[in-house]
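Notes follow the structure.
We count residues from 1, following the sequence as given. Just follow the structure's listing: the first ligand is 1, and inside any ligand the first atom is 1.
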Amino acid sequence: MKFGGTSVATLPRWQNIRELVASRRAEGARVLVVVSALTGITDALKQLCGEGEQDKRKAAAGAIAQRHYDLLEHMQLALPDTLGSRLSDLAGLAANGPAPRGELAWQAQVQAHGELMSSALGAAFLSHSGLPTQWLDARECLAAVALPNQNERTRLLSAMVEAKPDPALNARLAALGEVFITQGFIAREQHGRTVLLGRGGSDTSAAYFGALLKAQRVEIWTDVAGMFTANPRQVPGARLLQRLDYEEAQEIASTGAKVLHPRCLSPLRDPRVPLLIKDTNRPELDGTVIGPEVRAHAPSVKAISARKGITLVSMESVGMWQQVGFLADVFAQFKQHGLSVDLIGSAETNVTVSLDPTENLLDSDAIAALASDLAKVCRVKVIAPCAAITLVGRGMRSLLHTLSGVLAEFGQLRVHLITQSSNNLNLTFVVDEEVVDKLLPHLHDLLIAAGALRTDESALFGPSWQALYGGGEAPDAAPAWWRGPQRQRLLELAAEATPRYVYHLPTVRQQARELKSLAAVDRLHYAVKANTHPAILATLAAEGFAFECVSPGELEAVAAIVPESVPLLFTPNFAPRRDYVSALATRATVTLDAMYPLERWGELFRGHEIVLRVDLGRGLGHHEKVRTGGSGSKFGLPLDQLSTFLQLADAHGVTVRGLHAHLGSGVLDAAHWGEVYAQLSSLAERIGSVAFLNIGGGLGVPSHPGEVRLDVAELDRVLREVKAAYPHYQLWMEPGRYLVADAGVLLARATQQKGKGAFRYLGIDTGMNSLIRPALYDAWHEIINLSRLDEPATALYQVVGPICESGDVLGTDRRLPEAQEDDVILIAQAGAYGKVMSSHYNLRDEADEVVIDA
Ligand code: LLP
């Protein structure tokens with residue numbers, strides 16, 4: 001059990017250690033405690049080493065001793081001999097200075113006292129509080145090895161130990177007692193001198209001891225419950241990683257996670273000793289277990305990390321194409337300057353490498369000296385400051401197809417270098433440093449949304465940092481309606497017929513009421529394309545919604561259900577002339593999003609007030625195919641055509657009464673609508689005739705476990721802020737998905753199963769003909785075996801339909817109970833863009849629709 005500096009600095013912390021050690025004793029384990037120096041002491045000792053004057057060194061040693069006396073007094077302990085002799089040794093070292101041993105050996109000897117003192121103090125405290133504890137000198141056990149490229153400094157201050165299981169040590173300790181305490185950070189070299197283990201030294205000591213003793217496990221006790229899928233300071237939604245294998249953990253530690261030093265995993269690998277990271281303040285949390293076992297689970301990205309302060313050096317060959325020895329020449333310069341290269345990208349005439357500040361002393365002098373030497377063999381360009389963003393996960397290459405959203409994001413940035421590690425564990429992008437803080441949370445969301453970070457694997461991904469430390473998740477984590485009393489009803493409905501869509505009207509109302517709380521919005525329209533079921537239209541009409549339609553068919557469907565007084569919008573795209581003719585004959589307000597209708601059919605619109613849909617130049621949404629802005633999308637009038645459009649409108653006696661923009665679907669970031677609203681407002685100021693602004697729909701619902709819900713209160717705040725600046729425009733919205741997605745499920749039945757290669761396929765009696773979203777957008781719908789809701793999910797299935805298409809897959813790698821023929825399979829969140837996008841393909845039975853309202 002290893003405890004760091006803050007964990008050993010106060011009496012309550014030592015009481016805590018006592019409890020934890022006692023609990024391990026109660027499990028029947030023998031315990032070796034490895035401690036760091038009291039917090040701040042190592043720095044104080046380093047400062048002492050930097051003092052030239054004897055008096056100052058003595059004073060520093062005195063202050064350090066006092067810290068330990070104070071803690072002893074708190075513990076109400078007399079000075080134990082072990083600590084007394086350490087303190088007098090330190091006083092002697094301070095008084096004598098480096099002379100007799102040599103500077104570096106003296107420094108090592110002085111700094112080792114931090115751990116020697118804290119462990120002596122700890123042994124006294126634990127023994128005194130009823131847990132007889134033996135003090136062990138780590139230097140007796142850990143022998144530093146001499147390595148070929150070491151100089152005196154690294155040999156003494158950054159030493160390495162080769163730790164192989166040592167049964168003799170085990171036997172020796174077994175004869176001595178049950179509980180031991182020893183020092184982190186220190187060892188002894190072949191000539192008997194004390195050496196230090198360098199950065200992360202105490203964790204590394206714990207790992208060395210774990211290997212020597214072939215321990216049951218190594219526990220690293222720290223101030224956080226383990227490793228997370230991202231740095232929680234940047235991404236509060238980052239999830240606790242509950243299990244990792246050594247290589248993955250090492251990769252995450254090396255690419256940014258600070259909780260564990262990457263060096264401390266390799267000693268444990270051969271003897272297969274697992275390592276646990278645990279939170280000292282929250283010992284009940286499971287923490288992260290790092291071990292040898294590569295569990296059978298779906299491949300997944302495990303973490304996204306970022307390292308800042310990266311310097312890129314790009315080197316262009318000035319000689320011939322594919323010049324032999326070019327790489328050897330340039331790398332020789334790095335060796336000469338003592339700089340360790342991290343990432344490498346190469347072309348015929350260029351090689352670009354990165355230098356990581358955690359491995360190098362990267363001051364501008366070092367870089368300038370390197371660049372000037374490199375200039376003798378090539379053309380050099382230094383690019384800094386950069387950041388390296390790394391995706392980590394075993395089998396990264398098999399995950400590439402899930403990364404399209406992430407790649408699209410990088411596509412909008414200046415990416416200097418992309419590398420893929422040869423061990424297939426990581427994929428790294430080097431970008432400008434300034435973009436990282438904003439980008440990381442977004443990428444983390446994208447990875448979850450794309451199913452690349454498999455947060456549904458609950459054995460791997462634990463709670464979010466926010467849930468553990470940030471005052472809990474958003475409060476509305478209510479279970480889905482179909483899990484409760486409605487489950488029986490659904491089983492009965494499935495017994496009558498499958499496939500079948502079932503819609504739960506109370507959920508529609510609940511969503512509608514939530515949006516009605518948006519104080520800044522003057523009129524809410526339901527985008528009926530999401531679901532045109534008459535009962536849903538009637539329910540939303542009763543909730544006071546207006547309606548947005550995109551075709552004469554939708555206008556008719558709405559007109560048949562909702563009262564005459566309810567306002568309608570008609571927002572078509574590339575519609576034929578006849579659609580405008582028929583829509584203009586209704587009460588619907590017509591939206592134009594191109595010049596053509598005015599240019600060619602201008603007379604149709606004479607005397608009408610219309611809405612103009614503009615393209616704000618960017619799109620947003622859960623998948624590239626649902627982004628409706630930017631030059632790659634067919635929607636909206638580009639802003640450079642705005643004045644011509646306005647002149648045309650004028651010429652035809654048409655008034656632009658509204659402005660509209662809808663950038664895409666499935667957006668979870670509230671800020672987005674504030675930006676659109678502000679942009680439309682300032683455009684409206686230029687136009688003059690505008691009375692209302694329609695900022696579209698696109699409000700997303702989280703589909704993956706752990707995805708963060710759209711914060712409606714925040715949306716309200718954002719919109720009110722813009723409204724305060726532009727109170728003279730009415731604000732309209734037109735959400736579809738948000739109102740109906742969670743209200744609908746698709747019920748199907750299991751048909752057949754098949755094992756093929758590494759996969760198990762579970763067939764159900766409908767597929768992409770009923771729900772095309774997974775095939776079309778890689779959309780993730782939760783899939784449940786409703787017949788076996790309470791059984792353990794032990795099988796890993798590819799859930800497929802009966803359609804003759806390879807794309808007929810409803811869900812990949814789903815953890816479900818072992819299924820039987822005819823089990824009822826529920827596909828969740830199918831209320832939006834489900835039935836309305838279904839087809840007759842293969843002439844399979846179409847799903848019917850049932851509504852429940854209680
Ligand atoms: N307004 C306009 C102009 C739209 O084009 C859409 C959706 C909406 C509002 C409503 O967007 P919502 O709030 O439902 O996100 N089939 C895709 C979504 C396509 C949305 C098309 N337009 C899907 O299943 O994800």
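Taking every non-hydrogen atom of Arg773 and a distance limit under 4.0 Å, the qualifying atoms of ligand 1 come out as 23 (C), 24 (O), 25 (O). Interface of Gly736 with ligand 1, defined as ligand atoms under 4.0 Å from a residue heavy atom, comprises 10 (C), 12 (P), 13 (O), 14 (O). For ligand 1, the atoms sitting less than 4.0 Å from at least one non-hydrogen atom of His622 are 23 (C), 25 (O), numbered in the order shown with element in parentheses. With ligand atoms numbered from 1 in the order given, ligand 1 contributes 17 (C), 18 (C), 25 (O) to contacts under 4.0 Å with heavy atoms of Val626. Using a 4.0 Å cut-off to heavy atoms of Pro735, the atoms of ligand 1 that qualify are 13 (O). Remark: ligand 1 atoms within the under-4.0 Å shell around heavy atoms of Gly697 are 9 (C), 13 (O).
Salt bridge absent: Glu782 and Arg814 never bring a charged side-chain N and a carboxylate O closer than 4.0 Å. In this structure, Arg749 does not pair ionically with Asp765, as no charged nitrogen and carboxylate oxygen lie closer than 4.0 Å. Ion pairing between Asp813 and Arg454 holds under the 4.0 Å rule for side-chain N and carboxylate O. We find that Arg500 and Glu849 are not joined by a salt bridge, their nearest charged nitrogen and carboxylate oxygen being 4.0 Å or further apart.
Residue Arg737 touches ligand 1 through backbone and side chain together, judged by heavy-atom distances below 4.0 Å. Residue-level proximity to ligand 1 for Met837 is carried by the side chain, the only part with a heavy atom below 4.0 angstrom.
The nearest pair of heavy atoms linking Glu554 to Glu548 is OE1-O, 4.1 Å. For the residue pair Ala828 and Val745, the shortest heavy atom distance occurs at CA-CG1, 4.2 Å.
Nearest protein heavy-atom contact of atom 9 (C) of ligand 1 is Glu734 O, 3.2 Å. The closest protein non-hydrogen atom to atom 22 (N) of ligand 1 is Lys529 CD, 3.6 Å. Of all protein heavy atoms, the one lying nearest to atom 12 (P) of ligand 1 is Gly698 N, 3.4 Å. Regarding atom 16 (N) of ligand 1, its nearest protein heavy-atom neighbour is Tyr777 OH, 2.7 Å. Atom 14 (O) of ligand 1 has as its closest protein heavy atom Tyr833 OH, 2.6 Å. At the top of the distance list for atom 15 (O) of ligand 1, counting protein heavy atoms only, stands Ser665 OG, 2.3 Å. At the top of the distance list for atom 8 (C) of ligand 1, counting protein heavy atoms only, stands His662 CE1, 3.4 Å.
The heavy atom nearest to atom 10 (C) of ligand 1, considering only Ala741, Ala527, Pro572, Gly636, is found in Ala527.
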Please table the atom pairs, donor to acceptor, closer than 3.5 Å between any side-chain atom in residues 446-453 and protein atoms at least two apart or in another chain.
none

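Between Leu699 and ligand 1 there is a heavy-atom distance shorter than 4.0 Å. Taking 4.0 Å as the cut-off, Tyr738 does not count as a neighbour of ligand 1 on heavy-atom distance.
Ring orientation note: the planes of Tyr580 and Trp601 are tilted relative to one another, at an angle of 30° to 60°.
Residues Trp482 and His504 place their aromatic rings such that the two centres sit no closer than 6.0 Å.
Under the ring-ring contact (aromatic ring centres under 6.0 Å, His included) criterion, His662 pairs with no residue, sequence neighbours left out.
Between Glu409 and Leu439, the closest side-chain pair of non-hydrogen atoms falls below 4.5 Å.
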